Visitor: 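Below are the structure tokens for one structure; questions will follow.
The shown structure was predicted, so the numbers you read here are calculated from the model rather than taken from an experiment.
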Amino acid sequence: ADETGRMWDEEIVEVIPNERRRLTIFNQVGFGIFTTDNLATEQLYKKISGEKCELSFTVFFTVNNPGLWNTLKMYFAAYKIKNIFEGNMNNIKRLVEEEYLRGK
């Protein structure tokens, strides 16, 4: 809420509507020595019923053979990022539901 803590910037590099969205990750803040370059994420959308969909995330390197140390740092960062994504998704869900209820 106060925009402190772990953060990063993203650039959308590919979008396939209703299927996936790929982003590169850069300018990581708050990860200390676990900051890792050449990261990307893919957000995968899978329709499950009606208007509902399942959203999953992957984190990966944009370069081949990033090295053992960078790989270990990426796993640590992914663990921390997971909590941030979950918080963001809960916030988005709440805002969408509030907007939906206002429109009724």
Visitor: Using side-chain heavy atoms (C-beta onward) and a distance below 4.5 Å, is Arg20 in contact with Glu14?
Guide: yes
Visitor: Checking side-chain polar atoms at under 3.5 Å, does Tyr100 have a donor or acceptor matched by the opposite partner on Glu98?
Guide: no
Visitor: Is there a chain of hydrophobic side chains (I, L, V, M, F, W, Y, each step under 4.5 Å between heavy atoms) that links Leu39 to Phe57?
Guide: yes
Visitor: Ion pair present between Lys46 and Glu19, side-chain N to carboxylate O less than 4.0 angstrom?
Guide: no
Visitor: Verify the cluster assignment for Leu55 and Ile92: are they in a single hydrophobic cluster under the rule of side-chain heavy atoms below 4.5 Å apart?
Guide: yes
Visitor: Are Trp8 and Leu23 connected in a single hydrophobic cluster, I mean Ile/Leu/Val/Met/Phe/Trp/Tyr linked by side-chain heavy atoms less than 4.5 Å apart?
Guide: no
Visitor: If you round to the nearest 0.5 Å, how far is OH of Tyr45 from CZ of Arg21?
Guide: 4.5 Å
Visitor: Nearest 0.5 angstrom please: Thr41 OG1 to Phe60 CZ, how far?
Guide: 7.0 Å
Visitor: So if you build clusters from Ile, Leu, Val, Met, Phe, Trp, Tyr with side-chain heavy-atom gaps below 4.5 Å, do Val96 and Met89 land together?
Guide: yes
Visitor: To the nearest 0.5 Å, what is the distance between CG (Asn91) and CZ (Arg94)?
Guide: 5.0 Å
Visitor: Checking the side chain of Lys73 only, and the main-chain atoms of Thr35 only, is there a donor and an acceptor separated by less than 3.5 Å?
Guide: yes
Visitor: Mind running side-chain contact (heavy atoms from CB on, under 4.5 Å) on Phe26 and Asp37 for me, showing each step along the way?
Guide: CA-CA 7 Å; Phe26 56 97; Asp37 293 328; over 6 Å; no
Visitor: Can you tell me how far CD1 of Ile25 sits from CG of Asp9, rounded to the nearest 0.5 angstrom?
Guide: 10.5 Å
Visitor: Got more than 12 heavy atoms from elsewhere within 6.0 Å of CG, Asn18?
Guide: no
Visitor: Mind checking the CE-OG1 spacing from Met74 to Thr36? Nearest 0.5 Å is all I need.
Guide: 8.0 Å
Visitor: Any side-chain to backbone donor/acceptor pair from Thr24 onto Ala40? Under 3.5 Å, distance only.
Guide: no
